[in-house]
Trainee: 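One structure coming up, written as structure tokens, with questions to follow.
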Amino acid sequence: MLSLKQISKYYQNGGTKAYVLNKIDLDIDKGEFVSIMGPSGSGKSTLLNIIGMLDQPSEGYQYFLGEPVHQLKEKQRSALYKQNIGFVFQAYHLIDELTVYENIETPLIYQNVKGAERKALVADILDRFNIVGKKDLFPAQLSGGQQQLVGIARALIAKPKLLLADEPTGNLNSKQGEEIMELFCKLNKEDGVTIIQVTHSEKNAQYGTRIINLLDGKIESSSIL
Ligand code: ADP
Ligand code: ADP
């Protein structure tokens with residue numbers, strides 16, 4: 001599904017390069033559920049954002065679904081992202097002024113999906129996620145766990161091939177966190193969604209099929225579960 005070859009990311013610090021990622025080689029196949037772990041500042045979010053084409057590497061070669069991402073223009077990268085990737089954030093990033101329904105519908109509007117089809121898709125995911133009764137509420141009226149469910153519904157509404165999640169349970173209590181991890185497992189096993197998450201939690205990482213440990217911008221270990 002994706003391949004990184006000798007990917008580095010650095011920031012200029014005075015006259016020297018401060019490397020955040022240093023010559024990362026990584027292949028991820030369709031159907032994997034990968035957890036990226038490592039201490040604070042080891043480059044986890046940067047790696048996830050590069051994989052998701054939200055950030056660009058300084059050096060190296062990157063392929064996603066066979067496309068050479070390093071050769072694409074901004075507009076082509078953005079189209080590739082919109083058609084294939086869903087992103088879930090630690091702090092949900094829902095739009096406060098929109099209802100649950102409207103938040104989930106937003107990606108479909110950006111993709112110019114017609115009204116009737118939008119309605120059917122949103123109704124289907126509200127039903128699957130058991131949040132039909134919440135559809136007219138605003139994010140502030142929901143618990144953290146419910147807000148993250150909406151964030152995940154929004155990330156999945158356009159049926160992406162790859163789901164990326166940066167500390168998806170970071171703001172949740174352990175019960176809410178478990179529910180989100182169980183949902184990820186189901187999406188991965190039953191719906192075949194490839195998932196890559198950043199997590200600090202060893203327990204959450206164990207839900208996946210592979211753990212990658214980052215240290216100082218390098219892959220220290222990669223283990224299949
Ligand atoms: P992690 O997710 O593992 O905590 P990050 O990928 O967020 O790590 O950040 C890795 C390092 O990159 C940190 O030391 C951070 O300070 C640095 N960094 C991130 N963004 C910038 C930036 N725009 N300019 C300079 N340094 C940055
Ligand atoms: P706009 O006026 O900005 O185009 P609308 O508020 O009319 O957007 O909503 C767009 C579509 O989404 C319509 O088909 C509408 O019926 C549907 N819709 C919006 N909110 C809800 C909701 N809470 N429950 C069911 N359908 C909704």
Side-chain angles (χ1 to χ4, degrees), residues 1-28 32-64 69-70 72-74 77-78 80-81 84-94 144 147-148 151-152 154-155 160 162-174 176-177 180-181 184 188 194-225:
M1 168 161 280
L2 67 92
S3 182
L4 306 181
K5 308 261 182 235
Q6 298 285 297
I7 287 286
S8 294
K9 175 81 178 182
Y10 57 79
Y11 294 98
Q12 288 295 345
N13 182 9
T16 61
K17 294 173 180 175
Y19 277 86
V20 174
L21 294 176
N22 202 333
K23 300 199 168 136
I24 299 279
D25 286 316
L26 177 62
D27 290 283
I28 293 176
E32 287 199 73
F33 177 178
V34 177
S35 299
I36 301 173
M37 300 195 74
S40 245
S42 56
K44 302 181 296 294
S45 293
T46 305
L47 178 60
L48 195 73
N49 290 340
I50 286 175
I51 288 171
M53 298 180 285
L54 299 180
D55 194 356
Q56 278 185 274
S58 313
E59 296 165 350
Y61 306 92
Q62 177 177 9
Y63 300 87
F64 179 59
V69 175
H70 53 280
L72 300 183
K73 299 206 161 52
E74 167 66 32
R77 275 202 310 274
S78 160
L80 197 58
Y81 173 90
N84 298 292
I85 294 180
F87 218 112
V88 174
F89 304 91
Q90 175 172 356
Y92 327 125
H93 288 201
L94 300 175
Q147 289 188 58
Q148 192 57 295
I152 295 166
R154 179 184 58 183
L162 178 61
L163 181 69
L164 301 179
D166 196 346
E167 294 278 1
T169 67
N171 285 6
L172 304 180
N173 68 35
S174 60
Q176 292 168 333
I180 297 295
M181 283 304 104
F184 274 21
N188 177 248
T194 306
I195 301 177
I196 307 173
Q197 69 169 352
V198 164
T199 181
H200 272 107
S201 154
E202 181 66 42
K203 188 160 160 258
N204 283 357
Q206 295 292 336
Y207 282 89
T209 59
R210 178 178 171 194
I211 298 179
I212 290 171
N213 274 296
L214 277 188
L215 187 63
D216 300 334
K218 293 184 182 185
I219 293 180
E220 192 195 30
S221 65
S222 170
S223 45
I224 306 280
L225 298 173

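Because the structure is predicted, anything quoted here is derived from the model rather than measured. Every number for a ligand or one of its atoms is a count from 1 in the order of the listing.
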Trainee: Who's closest to atom 12 (O) of ligand 1 heavy-atom-wise, of Asn13, Leu214, Val20?
Mentor: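 The option holding the nearest heavy atom is Val20.
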Trainee: Students should be able to answer this: which protein heavy-atom is nearest to atom 8 (O) of ligand 1, and at what distance?
Mentor: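 I find the closest protein heavy atom is Gly43 N, 3.2 Å.
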Trainee: Using a distance threshold of 4.0 Å (strictly less than), state whether atom 15 (C) of ligand 1 has a protein heavy-atom neighbour.
Mentor: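 Protein heavy atoms within 4.0 Å of atom 15 (C) of ligand 1 - there are none.
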Trainee: Near Ser40, which atoms of ligand 1 are under 4.0 Å from a heavy atom of that residue?
Mentor: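 Contacts of ligand 1 toward Ser40, numbered from 1: 4 (O).
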Trainee: Heavy-atom contact under 4.0 Å between Ser42 and ligand 1?
Mentor: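 Ser42: in contact with ligand 1 (<4.0 Å).
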Trainee: Are Gln6 and Asp25 close enough that some pair of their side-chain heavy atoms sits under 4.5 Å apart?
Mentor: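 Yes - at least one pair of side-chain heavy atoms lies under 4.5 Å apart.
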Trainee: Do me a favour and list the nearest non-hydrogen protein atom to atom 7 (O) of ligand 1 with residue, atom name and distance?
Mentor: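 Minimum-distance protein heavy atom for atom 7 (O) of ligand 1 reads Ser45 CB, 3.7 Å.
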Trainee: List every atom of ligand 1 that sits less than 4.0 Å from any heavy atom of Pro39, numbering the atoms from 1 in the order shown and giving each element.
Mentor: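 The atoms of ligand 1 under 4.0 Å from a heavy atom of Pro39 are 3 (O).
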Trainee: In a check of side chain to side chain contact (heavy atoms under 4.5 Å, CB included) between Arg210 and each of Ile28, Ile196, Leu225, which one passes?
Mentor: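 Running side chain to side chain contact (heavy atoms under 4.5 Å, CB included) over Ile28, Ile196, Leu225 with Arg210 returns exactly one hit, Ile28.
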Trainee: Taking C-beta and beyond as the side chain, do Leu164 and Leu54 meet within less than 4.5 Å on heavy atoms?
Mentor: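 Not touching, per the 4.5 Å side-chain cut-off.
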Trainee: Examine Phe87 together with Phe89 and report whether their ring centres are nearer than 6.0 Å.
Mentor: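 That pair passes the under 6.0 Å test.
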Trainee: Using a 4.0 Å cut-off to any heavy atom of Lys44, which atoms of ligand 1 qualify?
Mentor: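 Counting from 1, the qualifying ligand atoms are 1 (P), 2 (O), 3 (O), 4 (O), 6 (O), 8 (O).
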Trainee: Taking the minimum heavy-atom distance to atom 5 (P) of ligand 1, which of Ile36, Thr46, Leu47, Asp166 ranks first?
Mentor: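 It is Thr46 whose heavy atom sits nearest to atom 5 (P) of ligand 1.
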Trainee: Around atom 26 (N) of ligand 1, find the nearest protein heavy atom and jot down its residue, atom name and distance.
Mentor: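 Scanning the protein heavy atoms, the shortest distance from atom 26 (N) of ligand 1 goes to Tyr11 CD1, 3.3 Å.
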Trainee: Can you tell me the protein heavy atom closest to atom 4 (O) of ligand 1 and the distance?
Mentor: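 For this ligand atom, the closest protein heavy atom is Gly41 N, 2.7 Å.
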Trainee: Can you confirm whether the side chains of Gln197 and Ser35 place a donor and an acceptor under 3.5 Å from each other?
Mentor: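 Per modelled atom types, Gln197 and Ser35 side chains form a pair under 3.5 Å.
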Trainee: Under the criterion side chain to side chain contact (heavy atoms under 4.5 Å, CB included), which of Leu21, Asn22, Leu47 is the partner of Lys9?
Mentor: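 Single pass found, and it is Leu21.
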Trainee: Within a 6.0 Å radius of atom CG on Asp27, are there more than 12 heavy atoms belonging to other residues, nucleotides or ligands?
Mentor: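 Yes, the 6.0 Å shell around CG holds more than 12 heavy atoms from other groups.
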Trainee: Taking all heavy atoms of Glu59 and all of Lys17, pick out the closest pair and write down the distance.
Mentor: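 Distance-wise, the nearest heavy atoms are OE2-NZ, 4.3 Å.
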